[in-house]
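Structure first, commentary second.
Counting convention: from 1, in listed order, for ligands and their atoms alike. The analysis underlying the following values was restricted to heavy atoms, covering all of them including side chains, and did not include hydrogens, waters or symmetry mates.
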Amino acid sequence: MNNYFDELYNNINNKNNKGLIDEEIINNDKKYIIGTYGRYNIIPIKGSGIFIEDINKKQYMDFLAGIGVNNVGHCHPEIVNTLKKQGELLIHTSNLYHIYTQTKLAEKLVQLSKFNSKVFFSNSGAEANEAAIKLARKHGKNNNIGEGEIITMENSFHGRTLTTITATAKPKYQEGYEPLPKGFKYVEFNNLEALKENISNKTTAIMLEPVQGEGGINIANKEYLKGVRDLCNDKNIILIFDEVQCGIGRTGKIFAYENYNVIPDIVTLAKALGGGFPIGATIAKEEIAKSFTPGTHGTTFGGNPLGCAVAYTSLRIIENLLDNTTNMGQYFISKLNNLKDKYNFIKEVRGLGLMVGVELTFNGSDIVNKLLEKGYLINCTSDNVLRFLPPLIVEKTHIDSLINELDNIFSEIN
Ligand SMILES: *Cc1c(COP(=O)(O)O)cnc(C)c1O
């Protein structure tokens, strides 16, 4: 059973001068890794359920779950088992051949999507969105829908490729990367009138997150989303939902749009789809999917046997966690609202299922650091929104202990 990483980790555990090891790893990180992330100084080594253990054997309760990736919890035994079993059977072949687990996963996603759809698999959220944008444009071209223009929302986030940062209506992600791809237009989120005003005969598609994640947990209004759907029907515009963060059970439904009874034309998934293993999916109405034909789009790794097997397992687990997600979400939000009543620097508590944000009147990074010190992982997005994305297996006791710690930290601020 001994492998390279066992030896590496045993070495780490055997040394008792822990501070020095941390320093060595952190220094080597600075030396060898291109610094696109400002990292917290913890070195996670293993995880189980909602818990993560770092190199110094300190335990953390993970209320961020890899930014909405580990929805089934860390190292779920069924996920690990699937990785082992499929890993021994077949890890990769080319998309030039039929891939059994890919077909199985697609069939499951189509059933869950509740519309007549087909799936294209990739490896990440950005790729899933890139495929959605390409497909919408191709279909638009084939059917005289607009001139390829895509309308996206302010405060959105769609990924880090050149096209997806352009879809992401935030200058912070775009600066320095010009020239950007053409054909994107931005409109205020949750504002149907603004959308109507900006639609023209150039418009091919509208793309939005039913619940904005990076933008600060902004939840689409029911009337708004229905209105957007009606507008797209009227004007024959393609409606794309980016459910990379809000999909896969996060809001208490497999797809967030199920909360709204609104069906998109294309929906994208990634983050939690693979239970921690990288995989993305672009699900499109059959009629639209036809516009991708052999050679028009592709990927080497997308839809590989291992990724699809593990995503299939992850979906089966998630299906049984939806009730817990709804119940724990309501419980969590009510507890946070109690804190809001107590502390006037809490502006708003927002959430759907276990996608939860607490808007403060000040930047939240100090709170994140204090929680980290106490053994809780969360993050801060949009400067002043504390973001909570716990695994969907979270229990009341976990929530209670986090709330208790938050209360302590908040009381020192008051
Ligand atoms: C994270 C995220 C993406 C990008 O996914 P990657 O896997 O990082 O490329 C796209 N859209 C939304 C809504 C996301 O939250």
Side-chain angles (χ1 to χ4, degrees), residues 34 36-37 39 64-71 120-136 150-170 172-174 177 184 186 189-190 205-220 225 239-251 253-257 259 264 266-283 299 301-304 307 310-311 314 350-357 378-382 385 387-390:
I34 295 179
T36 55
Y37 281 85
R39 298 200 209 270
L64 189 61
I67 318 192
V69 168
N70 305 101
N71 285 13
F120 174 84
F121 289 108
S122 53
N123 311 287
S124 67
E127 281 174 84
N129 287 335
E130 189 90 19
I133 291 164
K134 283 179 72 178
L135 177 59
I150 319 268
I151 297 181
T152 64
M153 302 303 144
E154 285 168 14
N155 289 313
S156 59
F157 184 79
H158 298 298
R160 299 287 201 156
T161 63
L162 264 178
T163 300
T164 54
I165 59 167
T166 311
T168 297
K170 272 198 151 177
K172 147 176 142 175
Y173 296 108
Q174 301 173 346
Y177 298 115
F184 287 88
Y186 314 125
F189 185 60
N190 259 338
I206 294 167
M207 180 166 170
L208 63 88
E209 301 152 79
V211 183
Q212 292 187 330
E214 305 305 304
I217 315 294
N218 306 314
I219 303 164
L225 219 54
L239 180 56
I240 305 170
F241 285 168
D242 177 347
E243 295 218 6
V244 169
Q245 192 165 146
C246 64
I248 314 292
R250 177 54 57 192
T251 66
K253 306 277 185 193
I254 293 287
F255 292 91
Y257 61 73
N259 294 290
I266 303 176
V267 58
T268 58
L269 298 171
K271 289 199 164 86
L273 178 57
F277 194 84
I279 179 168
T282 305
I283 305 173
T299 163
F301 289 117
N304 66 78
V310 77
S314 136
R350 296 189 286 268
L352 190 60
L354 284 167
M355 192 165 183
V356 178
I378 68 158
N379 91 333
C380 173
T381 189
S382 257
V385 180
R387 176 169 48 173
F388 305 87
L389 301 168

Reported [atom1]-to-[atom2] distance for the pair [X] and [Y], which is rounded to 0.5 angstrom:
| X | Y | atom1 | atom2 | answer |
| --- | --- | --- | --- | --- |
| Leu208 | Phe241 | CG | CZ | 5.5 Å |
| Phe120 | Ile283 | CZ | CD1 | 13.0 Å |
| Glu127 | Thr164 | CD | OG1 | 10.0 Å |
| Ile67 | Glu214 | CD1 | CD | 6.0 Å |

Residue Tyr173 excluded, over 12 heavy atoms near OH under 6.0 Å: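 Counting other residues, nucleotides and ligands, OH of Tyr173 exceeds 12 neighbours.
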Heavy-atom side-chain proximity of Ile133 to Phe184 below 4.5 angstrom: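 Yes, close enough: below the 4.5 Å cut-off.
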Those protein residues which place at least one heavy atom below 4.0 Å from ligand 1: Ser124, Gly125, Ala126, Asn129, Phe157, His158, Gly159, Glu209, Asp242, Val244, Gln245, Lys271
